[in-house]
There are 2 protein chains.
Amino acid sequence: MARYKKKERQELLVESVSSDPFLTDERLSEMFAVSIQTIRLDRLELNIPELRERIKHVAREETEKIRSLSLQEVIGEIIDIELNSHALSLFIVEEGHVFQKNRIARGHYLFAQANSLCVAVIDEPLALTKAADIEFVRPAKLGDKVVSKASVEQMDGNTAVISMESTVEQRLVFKGVFEMYYRDEDNEGEKNG
Amino acid sequence: MARYKKKERQELLVESVSSDPFLTDERLSEMFAVSIQTIRLDRLELNIPELRERIKHVAREETEKIRSLSLQEVIGEIIDIELNSHALSLFIVEEGHVFQKNRIARGHYLFAQANSLCVAVIDEPLALTKAADIEFVRPAKLGDKVVSKASVEQMDGNTAVISMESTVEQRLVFKGVFEMYYRDEDNEGEKNG
DNA sequence: CCTCATTTAGTAGTTGGTACTAGCATCAGT
DNA sequence: ACTGATGCTAGTACCAACTACTAAATGAGG
C-alpha cells in the first residue's frame with residue numbers, strides 16, 4: 001500500500017476538489033486510501049468547505065453570472081461619441097479573451113472592439129463593414145485597458161471611411177482603416193439577395 | 001389569513017422554485033402559510049426535486065457551461081486541417097451573432113472565424129495576427145452555414161501569409177489576406193515588453 | 001350530516017456532513 | 001530505551017434537509 005505523504009495528499013486533494021467539486025468525503029477517502037476522518041482533517045486544515053457548500057457556491061456563481069459574459073452585442077464600452085465624426089470606447093481584456101498560454105488577447109477581440117465602434121459611429125439605420133485593412137502593432141495582455149478611437153474620414157453616397165487606433169496606456173496596439181457601407185434602410189429593399 | 005387554494009398555490013410554487021432554486025421547504029411553507037408537509041406533498045405531485053438536487057442540477061449546468069464557453073475560444077468548428085498548409089472551418093450564424101434589425105451577421109464574427117482558423121493552421125506554439133486586409137463581399141444571415149478556407153501562401157522566418165475565403169452555399173461572403181507572426185516559444189523570451 | 005379531498009402531525013430512516021474525544025502507530029531526538 | 005510530537009483512525013453526538021410512511025384533523029360540497 002504505497003500511500004501518499006500528508007503534504008502530497010493534501011496538494012492532490014486541493015486539485016481533485018477544484019477540478020471536481022462534486023466529490024464526497026467518502027469518495028475521496030477511497031481515492032487516497034485513507035479514512036474519512038483523515039479527509040475531514042485535511043479539509044479542515046486546507047479550509048475546503050463541505051460538498052454541499054461547494055456545490056452551492058458553484059450554483060450561486062451560475063445564477064449571478066448570467067449577464068457578465070454576454071459582451072457579445074458590442075465589445076467594449078462606448079465612452080464618447082459624436083455621430084458621423086468620431087467615437088471612443090474602452091475594452092478591458094479579461095480571462096475569456098486571451099490565449100491561456102501567454103495571456104495575449106486574441107486578435108479578433110481587438111477587431112471586434114474596433115468593428116463595433118465603427119458600426120456605432122455611423123448614424124444610419126444600416127451600417128455594415130465592407131472592408132478593413134488592419135494591423136496588430138503590439139500584443140494586448142490580460143488586464144489591459146484598450147482604448148479605441150474611431151475617426152470618420154470620409155462619407156460619400158453610401159460609403160464611409162473610418163480610421164481606427166487602439167492604445168493601451170498611450171501605446172499603440174492596433175490600427176486600421178475601415179470601409180463601411182451604410183443606407184437609410186426604409187429607402188431600399190434588399191440590394192443583393 | 002387569506003391562503004391560496006391548492007391549484008393556485010402549486011402554480012406559484014413552481015414559479016417560486018424556478019426563479020429561486022435555493023428555497024427550502026421550510027421557507028416555502030412560511031411563504032404560503034402552510035405546513036412543511038403540504039409543501040412536500042406539492043413537490044411530490046409536481047415532481048419538483050428537493051433543494052439539494054435542485055442546487056446540484058444548477059451547479060452541473062454551470063460546470064458544463066464553462067466547458068462550452070472555453071470551446072468558444074475558437075469561433076467555428078474546424079472540419080479539415082493540414083498544418084502549415086490549409087484548413088477548413090464551419091460556422092453557423094446564430095441569434096447571438098446578428099443585428100436584431102436585419103438578422104445580418106456582425107462583421108467581427110466572420111473575422112473571428114477567419115482569424116481563429118489562421119491561428120489554428122499555423123503549427124507553432126505561438127501564432128499572432130500581425131495584419132489583415134479583408135473584405136466583406138456579401139452579408140451572411142441568421143442560419144447561414146459559413147465555410148472558411150485558409151491557404152498558407154508563404155512562410156518565411158517568422159511570418160506567414162494566409163489567404164482566406166468564406167462562402168455560404170458556394171457564394172463568397174468574405175475574403176482576406178492575413179499576415180501572421182509566429183515563433184517557437186521556448187526559443188526566445190519576451191520580444192517587446 | 002356525511003364524505004372525500006386536503007392539510008397537518010408525527011415517526012423512522014437517509015445523506016453528508018460538523019465537532020469533539022480518544023486510542024494507536026510511527027518516527028525523531030535525547 | 002523513554003518521551004513527545006505528528007499523523008491516522010475510530011467512535012459518538014448532533015445537524016440540515018430531506019424521503020417515506022401512517023394517522024389524525026379540518027374543510028367544503030352535496
Side-chain angles (χ1 to χ4, degrees), chain A residues 1-69 95, chain B residues 1-70:
Chain A
M1 201 61 77
R3 298 199 302 188
Y4 298 107
K5 297 206 166 155
K6 188 179 179 178
K7 204 183 153 188
E8 201 180 354
R9 183 190 61 227
Q10 292 195 340
E11 279 167 18
L12 288 170
L13 190 123
V14 170
E15 232 179 275
S16 304
V17 168
S18 67
S19 86
D20 182 1
F22 298 89
L23 292 166
T24 63
D25 287 0
E26 195 179 10
R27 188 76 192 79
L28 288 163
S29 78
E30 287 164 12
M31 285 168 61
F32 295 105
V34 293
S35 70
I36 283 195
Q37 270 70 356
T38 302
I39 296 294
R40 291 183 176 161
L41 281 174
D42 285 348
R43 279 201 298 99
L44 205 73
E45 284 178 31
L46 299 166
N47 284 318
I48 299 173
E50 65 167 285
L51 171 81
R52 285 159 185 167
E53 292 308 311
R54 295 197 300 266
I55 293 178
K56 209 183 288 180
H57 184 76
V58 175
R60 280 256 153 71
E61 274 182 358
E62 148 84 0
T63 51
E64 279 159 25
K65 207 167 54 183
I66 289 165
R67 59 165 216 96
S68 91
L69 243 150
E95 284 289 348
Chain B
M1 241 339 131
R3 298 199 303 187
Y4 299 106
K5 298 208 164 156
K6 187 178 180 180
K7 204 184 155 187
E8 200 180 355
R9 184 190 61 227
Q10 293 195 338
E11 279 166 18
L12 288 170
L13 190 122
V14 170
E15 230 178 277
S16 305
V17 169
S18 65
S19 87
D20 182 2
F22 298 89
L23 292 165
T24 62
D25 287 359
E26 195 180 10
R27 188 75 193 79
L28 288 162
S29 78
E30 287 163 12
M31 285 169 60
F32 294 106
V34 293
S35 71
I36 283 195
Q37 271 67 0
T38 303
I39 295 295
R40 291 182 177 162
L41 280 174
D42 285 348
R43 280 201 299 101
L44 205 73
E45 285 177 28
L46 299 166
N47 284 318
I48 298 172
E50 64 168 289
L51 171 79
R52 285 159 184 168
E53 291 307 313
R54 295 197 299 267
I55 292 178
K56 210 183 287 180
H57 184 76
V58 175
R60 282 256 153 71
E61 275 182 357
E62 153 82 1
T63 51
E64 274 156 30
K65 207 176 272 181
I66 285 168
R67 257 166 244 151
S68 71
L69 230 152
S70 60

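Chain identifiers are assigned alphabetically (A, B, ...) following the order of the sequence lines, protein sequences preceding nucleic acid strands; residue numbering begins at 1 within each chain.
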Atom pairs, protein N/O to nucleotides 15-20 of chain D N/O, distance under 3.5 Å:
{"unit_1": "dA16(D)", "atom_1": "N3", "unit_2": "R52(B)", "atom_2": "NH2", "d": "3.0"}
{"unit_1": "dA17(D)", "atom_1": "O4'", "unit_2": "R52(B)", "atom_2": "NH2", "d": "2.8"}
{"unit_1": "dA17(D)", "atom_1": "N3", "unit_2": "R52(B)", "atom_2": "NH1", "d": "3.1"}
{"unit_1": "dC18(D)", "atom_1": "OP1", "unit_2": "L51(B)", "atom_2": "N", "d": "2.9"}
{"unit_1": "dC18(D)", "atom_1": "OP2", "unit_2": "D25(B)", "atom_2": "N", "d": "2.9"}
{"unit_1": "dC18(D)", "atom_1": "O5'", "unit_2": "D25(B)", "atom_2": "OD2", "d": "3.4"}
{"unit_1": "dT19(D)", "atom_1": "OP1", "unit_2": "R43(B)", "atom_2": "NH1", "d": "3.1"}
{"unit_1": "dT19(D)", "atom_1": "OP1", "unit_2": "R43(B)", "atom_2": "NH2", "d": "3.3"}
{"unit_1": "dT19(D)", "atom_1": "OP2", "unit_2": "R43(B)", "atom_2": "NH2", "d": "2.8"}

For the residue pair [X] and [Y], establish whether any side-chain heavy-atom pair is separated by less than 4.5 Å.
{"X": "H57(B)", "Y": "P49(B)", "result": "no"}
{"X": "R60(B)", "Y": "F22(A)", "result": "yes"}
{"X": "L23(B)", "Y": "M31(B)", "result": "yes"}

Return the [atom1] to [atom2] distance between [X] and [Y], rounded to the nearest 0.5 Å.
{"X": "L41(A)", "Y": "L46(A)", "atom1": "CG", "atom2": "CG", "value": "10.5 Å"}
{"X": "T38(B)", "Y": "F32(B)", "atom1": "OG1", "atom2": "CZ", "value": "12.0 Å"}
{"X": "L28(A)", "Y": "L12(A)", "atom1": "CG", "atom2": "CG", "value": "11.0 Å"}

Q. What is the per-nucleotide protein-contact pattern of nucleotides 22-30 of chain D, from the 5' end, where B denotes a base atom under 4.0 Å from a protein heavy atom, S denotes such proximity for sugar-phosphate atoms only, and - denotes neither?
A. ---------

Q.
Checking E30(B) now: which residues fulfil side chain to side chain contact (heavy atoms under 4.5 Å, CB included) with it, not counting sequence neighbours?
A.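 With sequence neighbours excluded, E30(B) shows a side chain to side chain contact (heavy atoms under 4.5 Å, CB included) to E26(B), R27(B), given in chain and number order.
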
(Q) Please enumerate all residues that pass side chain to side chain contact (heavy atoms under 4.5 Å, CB included) together with R43(A), with sequence neighbours excluded. (A)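 Scan of R43(A) (side chain to side chain contact (heavy atoms under 4.5 Å, CB included), adjacent residues dropped) gives L13(A), D25(A), R40(A), I48(A), E50(A), R54(A).
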
Q | Whole-Å distance separating the CG atom of L41(A) from the P atom of dA10(D) | A |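 That distance rounds to 13 Å.
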
(Q) Just the rounded figure in Å: distance from C1' of dT9(D) to CD1 of I39(A). (A)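 It works out to 12 Å between those atoms.
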
(Q) Any residue in residues 7-17 of chain B with a heavy atom nearer than 4.0 angstrom to DNA chain C? Just list them by number, or reply none. (A)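 DNA chain C contact set from residues 7-17 of chain B: R9(B).
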
Q) Of all nucleotides in DNA chain C with an atom under 4.0 Å from a non-hydrogen atom of chain A, which is the first and which the last going 5' to 3'? A)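 The protein-touched segment is dT15(C) to dT18(C).
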
